[in-house]
Amino acid sequence: MGSNEGNKDNDYQIEIDSFKKNFNKFKDRKIVLYGIGRYTATLLPAIKEFHVVGLMDRDGDNIGKEMYGVPILSKEEAEQQADLIIINTAETYWRIIYKRICELSIPVYYLNGEKAVEQATDCSRRDNPYWQQTLDQLRETIYHSDVVSFDIYDTLIMRKVLMPQDVFKLVEKRIHLQMGLDLDFYQARLAVDLKCNDACMLLDNVYMELNKKLRLEKEVLEAIQQIEIETEMECCVPRRDMVTLYNEIAAKKEVYLISDMYLPAEVINKILRACGVEKTESLWISGEKKKNKKSGSLWKSYSEEVVKGRRALHIGDNLSSDIGIPRQYGIDVYYIMNSATMWEKSSLGDFVPKIQTLEESVFAGMLGTKIFNSPFALNAHRGIVYFEDFWQLGYCLFGGIIYSFLVWLLKETRERHIERVFFFARDGYFLKKDYQYLMDVCSGKNWPKAIYLGISRRLALISSMEDTIGLDCIMNVPYHGTFEQFMESRFDIQIGKDDIHAREEINFPKDVGKISEWLKPYQEKILMRIKKEKADYLAYVNQFDINENDGVIDLWFYGNNQYCLSKAVDKSLTGFYFAANLTEDNKCKNNNILVPCFQKNEDKSAKECNLKKADIFIESFLTAPYGMIKAVDKTGDFICATEGMNQKYFIERNIINQGVCGFIKDYVGLMGQCAGLSPGFVDLFFENYVKGNMELDIRIKEIFYYDNAFMHCRESKIFD
C-alpha cells in the first residue's frame with residue numbers, strides 16, 4: 001500500500017505548477033478566473049506573476065463584489081476587460097460552466113490548458129457504463145467483504161440544493177429573515193470553508209475563524225451557528241434505497257460511516273437518525289479525527305486501525321476521496337452517482353448550466369431528491385428521466401409551474417390593487433385550491449379573496465348576448481359531431497329521433513348555412529332556453545358584484561371568457577394567464593387587460609412559451625371532477641355535461657395535485673414565505689418535457705384526454 005498522506009501545501013503545489021505550465025504563454029495577458037471556491041483561493045496567492053483582472057461566478061448577486069482582493073465581473077465586463085477566461089474549478093463542472101459563457105467573444109480555457117469548444121450533443125449519454133450497475137449488484141459486492149464503509153453526504157443522504165455551498169446562501173437568507181441582519185455571510189463562510197476543511201475543524205472552531213471576519217457579538221454568532229445547523233438538518237433527506245441497504249448490511253456486518261465534515265458527531269447523528277439510519281455508532285468524521293479523506297490521512301488510519309488486512313469495501317460518490325484514494329490503501333471501492341452528477345449525465349444534462357441562482361438551485365435540489373433519490377434511478381431507461389409515479393409527476397413537473405404562477409399572481413394583483421381573484425372553471429379548480437393552500441402555508445394576510453367562478457365558453461357567450469342576433473356567436477364557434485350531439489352540447493336540447501338530420505355529421509363553421517335551415521323548427525325553443533339560461537346565469541354572476549378591482553384567472557389564450565364576462569357585467573376586467581395573445585388582432589383585449597405569466601414581453605403571440613406548446617396536456621390535468629358547465633340554476637348549482645375520461649381518472653389527478661402541494665410546502669419551508677421562483681426559469685425547465693427529455697410511463701399517459709364538449713363530441717387520448 002502506498003501512502004497518500006502529505007503536506008497540503010504540496011498537494012496544492014501540484015495544481016499551482018500545473019497551472020503555470022499550462023498557461024505560461026498567457027502570463028502577460030489579462031486573465032479572468034471562473035470560480036470563487038477552493039481552487040481560486042489556493043491559486044491566486046501563488047500566481048502573482050500572472051495578470052488576473054477579475055473573477056466570475058454563476059451567481060449574479062456576486063457581481064461587483066470582491067473575493068480574495070479581486071473583483072467579480074459580469075460576462076460583459078469580463079469580455080471587455082480580459083483577453084481570456086480560465087475555468088478554475090473541479091473538472092466535473094467544466095462543461096457546465098462553459099455552456100454558461102460559450103457565447104463570449106474571448107477564448108475560454110479549461111484548467112488542463114485545453115481550449116474550450118462547443119461540443120456536439122453527447123450521443124454517448126445513453127451508453128454510459130454506469131447505467132449497467134444495479135442495487136442487487138452492489139448488495140452482492142458487499143456480501144463478499146469483511147468490513148464495509150459508507151460515505152455519508154450524497155451517498156446515504158442528500159441535500160435539497162444542487163450545490164453544497166448553497167446551504168450557506170440559505171443561511172444568509174435566513175439570517176436576514178429571522179434576525180434582520182443584512183450580513184454578507186455567504187462569501188465570508190465560503191472563504192473560511194477551505195481553510196477549516198483542510199485543518200479538519202469542527203463547527204465551533206469554524207465559527208471562531210469566521211468571526212475574525214464578521215466580528216459579531218457572541219450571542220449573535222451563536223444564533224447564526226444554530227441557524228446553520230437547523231438549515232443543514234432541514235436540507236437533508238435520505239437516499240431511501242441506500243439507507244435501506246445500509247440498515248440491512250449493518251445488521252449483519254461490521255459497518256462504518258466515513259465523511260469529510262465539519263459538523264460534530266452529535267449533529268451528524270441527528271441527521272442520520274432523522275433520515276432513518278439505524279446504526280450510527282461507528283462514525284469517522286474528519287473534524288473529530290483531525291484527519292480527512294481527501295488527503296489520504298483518514299484512509300491511512302482507517303486501514304491501520306480497522307481494516308487490518310481484511311477485505312474492505314467503501315461505497316461513495318467522490319471519484320477522488322471515495323474511490324481513487326482508498327484504493328491506494330488496499331480498500332475495494334464501489335462508485336455511486338450523486339444527484340448533481342446524475343443531473344449532468346441524465347437527459348436533463350443540457351439544462352444544468354442554466355441553474356444559477358439560489359432559487360434555481362433549491363428548485364433543482366428539491367427535484368433531485370425525487371428524480372435522483374436512488375443512485376440507480378436512471379439505469380432502467382439509460383439516462384432518460386422517467387416518471388412512473390403520479391405524486392412525483394405533480395411535484396417535479398407541475399409543482400414549479402403552479403407555485404411560480406401563484407407567487408407571480410400575488411405580486412401582480414398587489415401592484416394592480418386587485419381585491420378579489422376569480423378562478424374560472426374548470427381550469428381554476430386546482431389552481432384555486434392551491435392558492436388557498438399556499439396562503440395557509442404562508443399564513444397569508446391581506447391576500448386577494450379567491451372565488452371559484454362557474455363559467456364555460458357556452459355560458460360566457462350566452463351571458464354576453466344582447467339579442468337574438470347573438471345566436472350566431474354560439475353557432476359559429478367550431479364544432480364537429482352529429483347534429484343531435486351539437487344541439488345537446490350547444491343548446492341543451494334533445495331532438496327527436498325522427499329528425500332526419502339527427503345522425504348527420506356536421507363541421508362548423510363550414511356547414512353553418514345548412515345548419516341554419518335545420519335549426520328553424522327549434523328556433524323558438526332555443527331562444528326560450530337561452531333567455532332562461534342567460535337570466536339564471538346573470539343572477540348567479542351579479543351576486544358577486546364583479547367590478548374593475550377584480551381579477552380573473554384563466555390558463556390561456558385569447559381571453560374569450562374574460563371578454564364575454566366583461567360585456568355581461570359591463571366592466572373592464574384584468575385577466576391573469578399562463579400565456580395570452582397580446583397581438584393587435586385579438587379583439588378580446590378591447591376594454592380589457594390581459595397579463596401573461598410565462599411568456600417574454602416581446603413574444604406577443606407566445607410562440608416561444610414552452611408551456612403553451614403543451615397546453616392540451618396541462619389543461620387535461622387542470623380540470624375539475626365534473627364535465628363542462630352547461631348552465632347554472634337559480635340556486636347557483638352547476639348543470640354539467642356528462643363526465644368524461646379525465647373525470648374517470650380524477651383520483652389520479654388529486655394525487656398529482658398532492659405532489660404540487662408537496663412542492664409548495666418544501667419550497668416555502670426552505671426559501672421562506674412566498675419566495676420568488678422565476679416563471680421564465682420554470683418555463684425553460686419545462687422545455688425539457690417539450691423536447692422529450694422527460695418521459696411518462698404508459699400508466700400516467702393513459703389518464704390524459706382532450707375534451708371540449710362545446711367544440712366536438714369526441715374525447716381523444718393525448719398520448720397515443
Side-chain angles (χ1 to χ4, degrees), residues 130 133-160 202 229 232-233 235-289 291-294 298-319 321-323 325-327 329-339 342 369 372-377 379:
Y130 181 82
Q133 295 179 203
T134 66
L135 185 62
D136 286 339
Q137 180 191 79
L138 172 56
R139 183 181 285 108
E140 180 68 21
T141 304
I142 288 171
Y143 276 109
H144 287 93
S145 303
D146 301 316
V147 57
V148 183
S149 57
F150 286 75
D151 173 47
I152 298 177
Y153 278 88
D154 296 319
T155 298
L156 280 179
I157 61 177
M158 62 195 302
R159 294 182 177 101
K160 296 178 185 176
L202 286 173
I229 291 171
E232 185 72 50
M233 293 183 71
C235 279
C236 291
V237 297
R239 297 192 87 175
R240 290 182 299 274
D241 56 4
M242 292 303 294
V243 168
T244 299
L245 177 65
Y246 173 86
N247 290 335
E248 173 190 327
I249 301 305
K252 301 173 182 178
K253 285 184 177 289
E254 189 178 340
V255 177
Y256 292 81
L257 295 162
I258 303 179
S259 180
D260 280 352
M261 175 48 63
Y262 45 80
L263 292 173
E266 64 174 295
V267 175
I268 296 291
N269 259 305
K270 285 182 181 178
I271 292 172
L272 290 170
R273 293 289 186 182
C275 290
V277 178
E278 295 171 359
K279 183 179 179 181
T280 61
E281 296 83 6
S282 301
L283 273 175
W284 280 54
I285 306 297
S286 61
E288 303 270 4
K289 297 287 186 180
K291 299 174 182 179
N292 59 33
K293 293 192 295 182
K294 67 180 180 181
L298 191 63
W299 287 121
K300 184 174 186 295
S301 293
Y302 178 74
S303 176
E304 293 171 351
E305 297 175 30
V306 174
V307 178
K308 298 177 181 178
R310 293 182 293 170
R311 185 164 187 177
L313 175 71
H314 178 68
I315 302 155
D317 71 291
N318 189 293
L319 288 170
S321 60
D322 287 317
I323 304 300
I325 297 175
R327 273 181 176 150
Y329 292 92
I331 298 169
D332 293 333
V333 294
Y334 195 99
Y335 169 70
I336 63 166
M337 278 190 186
N338 58 42
S339 177
M342 293 178 77
T369 65
F372 306 126
N373 187 275
S374 169
F376 309 104
N379 297 23

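Values below: every heavy atom of this structure, side chains too, minus hydrogens, waters and symmetry copies.
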* Testing Trp299, Tyr334, Trp284, Tyr302 for ring pair (Phe, Tyr, Trp, His ring centres under 6.0 Å) with His314, which one passes? -> Trp299
Check for a donor-acceptor pair, side chain of [X] on one end and backbone N or O of [Y] on the other, with a separation under 3.5 Å.
X	Y	answer
Arg239	Asp154	yes
Lys253	Ser145	yes
Asn292	Ser286	no
Tyr130	Met337	yes
Asp260	Lys294	yes
Asp151	Ser321	no
Arg311	Val147	no
Gln133	Tyr335	yes
Ser149	Leu257	no

* Donor + acceptor pair across side chains of Lys252, Tyr143 (<3.5 Å) -> yes
* To do: Might you confirm whether atom CZ of Arg240 has over 12 heavy atoms from other residues, nucleotides or ligands at distances under 6.0 Å?
  => no
